[in-house]
Amino acid sequence: MLQRLIRLNTVNPPGNERPAQELLRGELEAAGFECELLGVSDERPNLIARLRGADDGPRLCYLGHVDTVLADAEEWTVDPWSGELRDGHVWGRGALDMKGQVACEVAAACALGRSGWRPATGELLVIATCDEEAGATIGAQWLCDQVPWKVHCDMVVNEGAGEVVEYEGRRLYTLCVGEKGVFRFRLITEGRAGHASMPAMGDNALLRMIEVLGRLDGRQPGPDHYAAGIASLETLLGAPPDDVSAAVARVREAEPRLADLIDPMMAVTLAPTMIRASQKENVIPSRCTVHVDCRVPPGMGEDHVRRRVTELLGDEQTGGYRIEFSEDVIGNSSPPDSPLAGFIRDFVERTEPGAGMLPIVLPGFTDSHWFRKAFPECVAYGFFPQRAMTRFDTMPLIHAPDERIRVEDIELASRFFSELAPAVLG
Ligand SMILES: [Zn+2]
């Protein structure tokens, strides 16, 4: 199933997800699921597949997206759309993000359906979205906004984590419980235009900007205390930390790669990415604009971002700059403890006695965001168990050349999805 999915090119843009969705629909329908393809355009549908139980009850959703980011074939060892099986791996764009998980979810759901299993109560949903890699406006966001009654669910298992990490001799399966928010803004300085041949006649906004950015001096905002972040540090250190920065430093001493994962979870991050000033070589700019990509822990909004920026740059009045937000998406999260987390923990303990779970919050974005936002009671986690490759092995391959997944991990994850639905729905 994964090889067939990889061979259908769904690089977004343009996406062109229809053939992949039709492949999945064919498999799920044959296994007894009620299926529907729907979306904004014919070429780019979403798939909703449903297996109903005898009675009303909880709805469990296996979520995934079938689009991928681009791949430059010249940088790859194999053809990125070959789905080649080589050295115990399936290779290709999407193997990890996230056709691998979609294939495991669908294969497990089909095996359950074909075996005659039906939920005792509630429903098993399989939802495959389009357009996740380009903002989800016609994918998960559209489904949750336009047809919420069709995708309403109580529990979601999606991408974001599941790979094992090792820390001080312990094996921990990562569980993604939330994603940070996105607050992109423009940082603006103003001066006075003038002829560039007489610099003193103008007031150069670009030079003012350099002075403002210089105040960052390699620093990032200070740490934030919030439940999911603290839960993660508590798992690693054995007790809730008094001092978040010191706790992250301790993790860094033991395992720097894990600290790189934890560090951005614990604070607002600022990354200036684009700058614009004069339109002409001989005109002193009266305005300079820097685009700043800013990621914010779940639940925190614009006021918090402004406070953190002020701590580094001074306030807008006296600091000589102005901020205009261009994007303000508040991140969200699910509680690290819930019945669904309990079922996942049971699987981990059965699979690898002595292993634990590590809740994490992603700095990036996933479709889980839209489900938590639309259905406030819905618990959504990222969990795609992998242990032949650890998170430190998989992270550098995502959105990168030679993306590949170990066959043993495909087997492990397929077993997880085939055991989870009967455990949750009876
Ligand atoms: Zn993804």
Side-chain angles (χ1 to χ4, degrees), residues 1-2 5-6 8-17 20-21 24 39 44-47 61-71 80-81 83 90-106 126-144 151 156-163 174-182 261 264-265 295 329 331-334 360-373 380-386 389 391 393-405 409-410 413 416-417:
M1 176 92 69
L2 174 56
L5 275 176
I6 288 172
L8 298 169
N9 182 330
T10 52
V11 170
N12 180 13
N16 186 30
E17 292 94 342
Q21 302 287 37
L24 300 178
R44 308 197 60 192
N46 299 281
L47 167 67
C61 172
Y62 292 169
L63 182 62
H65 63 85
V66 296
D67 61 320
T68 71
V69 295
L70 53 76
W81 295 280
V90 175
W91 297 60
R93 177 54 85 224
L96 293 165
D97 181 15
M98 68 173 289
K99 287 178 171 175
Q101 181 166 353
V102 169
C104 293
E105 290 175 349
V106 171
V126 180
I127 299 179
T129 64
C130 63
D131 200 35
E132 194 274 344
E133 297 289 3
T137 44
I138 63 166
Q141 186 181 7
W142 184 86
L143 287 172
C144 290
V151 295
V156 169
V157 182
N158 183 30
E159 66 177 336
E163 308 97 322
T174 49
L175 178 71
C176 172
V177 300
E179 294 92 32
K180 289 176 86 177
V182 185
L261 186 76
M265 258 174 60
R295 307 297 175 114
V329 179
N332 57 27
S333 61
S334 297
I360 60 168
V361 171
L362 283 193
F365 215 70
T366 77
D367 280 342
S368 298
H369 175 87
W370 305 110
F371 283 79
R372 291 196 204 98
K373 190 174 176 199
Y381 294 138
F383 192 74
F384 178 46
Q386 292 172 78
M389 280 165 97
R391 192 169 183 92
D393 302 320
T394 59
M395 287 301 279
L397 296 175
I398 290 175
H399 293 201
D402 287 345
E403 185 178 353
R404 59 193 183 276
I405 186 169
D409 285 334
I410 299 173
F416 166 68
F417 287 109

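Both ligands and their constituent atoms are indexed starting at 1 by order of listing. Nothing here was measured: the structure is a model prediction, and the numbers come from that model.
The two residues V106 and M1 come nearest to each other via the heavy atoms CG1-CE, 3.7 Å.
Looking at E159, its N, O or S atom nearest to the Zn ion (ligand 1) turns out to be OE1.
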Could you walk me through whether E179 and N332 pass the side chain to side chain contact (heavy atoms under 4.5 Å, CB included) check?
CA-CA 6 Å; E179 294 92 32; N332 57 27; 4.3 Å; yes
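Vertex the Zn ion (ligand 1); arms to H65 NE2 and D97 OD1; angle rounded to 10 degrees, 100°.
Taking 2.8 Å as the criterion, E133 does not count as a coordinating residue of the Zn ion (ligand 1), since none of its N, O or S atoms falls below it.
For the residue pair N9 and N16, no side-chain donor N or O sits within less than 3.5 Å of a side-chain acceptor on the partner. For the residue pair E159 / H65, a side-chain donor-acceptor distance below 3.5 Å is found, with atom types taken as modelled.
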